[in-house]
Amino acid sequence: MSPTPAGERATDPVTARSSARVIEATDRKRRGVALEPAEIEGVVADYVAGRIPGYQMSAWLATVACRGMSTTELTALTRAYLRDGRRLDLGAVGVPVVDKHSTGGVGDTTTLIVVPIVAACGVPVAKMTGRALGFAGGTLDKLEAIPGLRLHLAADELVPMIRTVGMVITGQSADLTPGDGATYALRDVTGTVESIPLIAASIISKKVAVHADGLVLDVKTGAGALIPDQSDAVLLTETMIALAASFGLPTRAVLSDMSQPLGPAVGNALEIRQALALLGGQRSPGLWELCAAISRLMLQSVDPELSDEAADAMVDRVVTDGSAREMFVRWAVAQGADPAALTDPGRLPTARRRHVVTATDSGVVSGIEPRSVGRATLLVGAGRLTQDAALDHGAGVVLHRRVGDRVGRGDVLAELHYDDGDADAAVALLAGAFVIGDGTVAVPPAVHRVF
Ligand code: URA
């Protein structure tokens, strides 16, 4: 959003009043005074309407990020993000619908796996999804690797898609939460993403606008997470669950590990292939355990009486009998995908070049730094280094080892897939991401806690 020229603002009584209001709100927040709900809603509405410039809104957001928010303030901020937005009407589906959200990470292919699993179990899923953020991949970018797939469905296509197929995945629509759309873009470039109240209001406002009957959150913790510290990640999870409940949205959550990349594939088409392989029965450690845990909670969110064992058996059945993979293909084809690219994943975008990274010592892998792996993929075009950069959907990384694996000198640790970009720097990042030790290593669980 481009700020109004300063000269105009000074003489326009409406914008002058708005600027005075945000300056006052920033000052009060800085001094530790709780803001009134109307004050918060006014600041956000003024920014969305272009009545205050980005620098004043940035100062307000930064002050909130430093000072935090009370429950009342957080609820008001969430309401402010939703103001003048469109709400989906999933009630027309006729049966309970579930939604899920991950705070994002490296090699996090979970949406592409759990949505068809849950839908194949007979529980409809509606999922709006976004692009990559920094070094963490985005489901929308991954899905764009599938030729023909339409990812910006009109609002009136969603319910028919859920009714006929059982699931829908579509790009996040900015008109659902205008306040979040405007402020998120600003936070992204002003270092104010990593704030518990700002993240909670941003995520939950979008989920309230979709308003499924149940929501499952996957909150990451560890070096590659938005909030790396585990106790802060717990606070974020509890904050989001309570906030969603206050808007009438029943929510369960997992706190999952992002101290190493989640799955072996990191990159768009590579992750689509990975998802199809898991849906076809491959049980990649880490990624599979998390997918099974999220699927279980999604099934239980529409049937609270369903035991863990019964839910796990349903998940196991749809993977073993092929119906989860069939669901993915049926859904993608219904949204325009070329069926040949899904029945023969060799036809998905593929990078022309490979570079293997090998172990220079023998020992046990004691760490794989997720941010370095994520940044390596950005350097070869699997993610964006600048806002509008085109992606190389075939590029990325395949990890051959996980934390706890024993390796010998010369063993392959990872493989870089690339066409262009700074492959040398990417290889150096990948090599540096692996820590090889000589003792035993505590392997982190895929799921730290279930809420
Ligand atoms: N994802 C969101 O949608 N919002 C945030 O603030 C952070 C991650």
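Quick note: numbers below take in every heavy atom, side chains included, and nothing from hydrogens, waters or symmetry partners. Indexing begins at 1, ligand by ligand and atom by atom, following the structure's order.
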Can you tell me which residue and heavy atom of the protein come closest to atom 5 (C) of ligand 1, and the distance to 0.1 Å?
Y184 CE1, 3.3 Å

In chain order, what residues pass the salt bridge (Lys or Arg N to Asp or Glu O under 4.0 Å) check against R83, with sequence neighbours excluded?
none

Residue pair V210 / D99: nearest heavy atoms and the distance that separates them
CG1-OD2, 3.8 Å

Of all the non-hydrogen atoms in the protein, which one sits nearest to atom 4 (N) of ligand 1, and at what distance?
S202 OG, 2.6 Å

Could you tell me, atom by atom, which parts of ligand 1 come under 4.0 Å of a heavy atom of I203?
1 (N), 2 (C), 3 (O), 4 (N)

Going by heavy atoms, is T103 under 4.0 Å from ligand 1?
no

Dump the intermediate steps for side-chain hydrogen bond (donor to acceptor under 3.5 Å, both in side chains) on R273 and T350, then the final yes or no.
CA-CA 11 Å; R273 286 194 188 88; T350 306; 3.0 Å; yes

Quick check: closest heavy atoms across A341 and P147, and the distance to 0.1 Å?
CB-CD, 3.7 Å

Students should be able to answer this: which protein heavy-atom is nearest to atom 3 (O) of ligand 1, and at what distance?
K206 NZ, 2.6 Å

Minimum heavy-atom separation for L153 to M161, with atom names?
CD1-CE, 4.3 Å

Where do T183 and Y47 come nearest, in terms of heavy atoms and distance?
CG2-CD2, 4.1 Å

Go through ligand 1 atom by atom and flag the ones less than 4.0 Å from a non-hydrogen atom of L226.
7 (C), 8 (C)

Return yes or no for this condition: an N or O of R187 is under 3.5 Å from an N or O of ligand 1.
yes

